[in-house]
Amino acid sequence: MELFSQKMILPIYAVGVAGAFLQITGAQWDVSAHILGIVETFFTPAHIVLYTGIALVALASFYGLLLRSKTVGNGSLSRSLFTGVSIAAVGSSLQIIAAPIDFWWHSTYGFDPFLFTPAHSLLITGMILGGIGMTLGSIRLLRAQRAGQELTNKPRLVPAIAILALATIWAQLNFFSYWTTDVTGMAYTFGYCSIQQFRASVPCPFVQQFSTVSFLIAAGIFAASGTLVFWTSKSLFHRTGVITSIALILAAIYSAAALGFSAYALRFLNPPGSWYINNAAPDEGTRLALFIPLYLLSLIPILVLDLSTKNSIGRNRLLGLSALVGPFAALIDGRYALGLAESGVGVLAFVVVPMILGGIVGWVLLTRLARGLIPNLTIPDTRSIAGEHISGKRPIRQS
């Protein structure tokens, strides 16, 4: 295979999506390690996974820019297939800048369990842009293949890459919620409260003032991201069961890198813990491990919604069903599900409304973004990626 032939578009997105998946897996693992207070060096296993993912996305995106310069001019590939590569390249650039800053920050200020710090904020923004770019590119690749373009000798790989990309971006959008609602990290970064206060369990007024609001916003974002991915997958694939497969991938990330690692570390590694962990004892690890099967039950509503949603559902019903999808989709986030389980039924009732609203917002975002970013995803009577007109009467199934 020639290095700059049109057939290289598939390996680019395969490597890029794999890298984005490693990034969010490593990020979840790293968060667990920070919360447990067992991070003592920059070169941890979680960081190795995270930065391997960063390297793969950077390699795929920058090589994709080279491929674009070689193929778009001669007409062998459409420029629209490289929009995702361009977005991912911006994200990779931010992460390359952030990596030495992250190393310096930890070397200077120590290893803190905050997401909202300058270095982490750059890394997370870059991760989200990389995930968005690779997901967008994978979807456009799938559309182009269905429109008749011969882009690869292994066409069955394209749907698989798109499925992994959707699972990855779902997890990354959930991680975005952690970052944007990290009021503890904001208090630390902007100097409202010191890390010594948190370590001494001294109440921080800023955190106390905004913690409830941040919790409700997080609920809405979790619901919106899940609904967005739910309907995107329904738009892309004819068969049922795809969104369930995507949710299973997501559940595997949380069960292993978040809940599973935390349970193992608490049970066997004797971690020092932090103010996030009131009792870093082996019994807590056992309790957390026993929660994982309960957490996996959150897949059942997704499966039911997946199997019961018809391909020809109308737009008005979609809007109403999005409000139902949102609360269940939010529970796929393992950390959030754990927090709700530990808070009791009263808190669950408290966050139902923002989760319902989040589900509606997810659908609205899809309808607003689809026409410009992913032609013919949910809007009928538009042009496909290959430029061929597709006349559709249904808002969901266009492929």
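Residues: numbered from 1 along the sequence shown.
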A quick test of your reading: do over 12 heavy atoms of other residues, nucleotides or ligands sit less than 6.0 Å from CZ of Phe350?
no

Answer whether the closest heavy-atom distance between the side chains of Ile54 and Ser92 falls below 4.5 Å.
no

For the residue pair Trp231 and Trp363, categorise the inter-ring angle as parallel (less than 30°), tilted (30 to 60°) or perpendicular (more than 60°).
perpendicular

For Pro118, side chain to side chain contact (heavy atoms under 4.5 Å, CB included) partners two or more places apart:
Trp105, Thr189

Side-chain polar contacts of residues 158-172 - donor-acceptor pairs under 3.5 angstrom, sequence neighbours left out - could you list them?
{"from": "Thr168", "atom 1": "OG1", "to": "Leu164", "atom 2": "O", "distance (Å)": "2.8"}
{"from": "Gln172", "atom 1": "NE2", "to": "Ala20", "atom 2": "O", "distance (Å)": "3.4"}

Would you give me the side-chain donor-acceptor pairs under 3.5 Å for residues 253-264, sequence neighbours excluded?
{"from": "Tyr254", "atom 1": "OH", "to": "Asn174", "atom 2": "ND2", "distance (Å)": "3.2"}
{"from": "Tyr254", "atom 1": "OH", "to": "Asp333", "atom 2": "OD2", "distance (Å)": "2.8"}
{"from": "Ser255", "atom 1": "OG", "to": "Ala251", "atom 2": "O", "distance (Å)": "2.8"}
{"from": "Ser262", "atom 1": "OG", "to": "Ser32", "atom 2": "OG", "distance (Å)": "3.4"}
{"from": "Ser262", "atom 1": "OG", "to": "Ala258", "atom 2": "O", "distance (Å)": "2.8"}

With sequence neighbours excluded, what pairs up with Arg287 under the salt bridge (charged side-chain N to carboxylate O under 4.0 Å, His left out) test?
Glu284, Glu342

Who passes side chain to side chain contact (heavy atoms under 4.5 Å, CB included) against Leu305, sequence neighbours left out?
Phe230, Leu321, Leu324, Val325, Phe328

Between Ser86 and Arg68, is any side-chain donor less than 3.5 angstrom from a side-chain acceptor?
yes

Closest non-hydrogen contact found for Trp179 with Met186 is O-CE, 4.3 Å

If you define the side chain from C-beta out and look only at heavy atoms, does anything of Ile277 sit under 4.5 Å from Ile35?
yes

Donor-acceptor contacts under 3.5 Å from residues 205-222 side chains, at least two apart:
{"from": "Ser211", "atom 1": "OG", "to": "Val207", "atom 2": "O", "distance (Å)": "3.3"}
{"from": "Ser214", "atom 1": "OG", "to": "Phe210", "atom 2": "O", "distance (Å)": "3.3"}
{"from": "Ser214", "atom 1": "OG", "to": "Ser211", "atom 2": "O", "distance (Å)": "2.7"}

Greater than 12 external heavy atoms within 6.0 Å of Tyr276's OH
yes

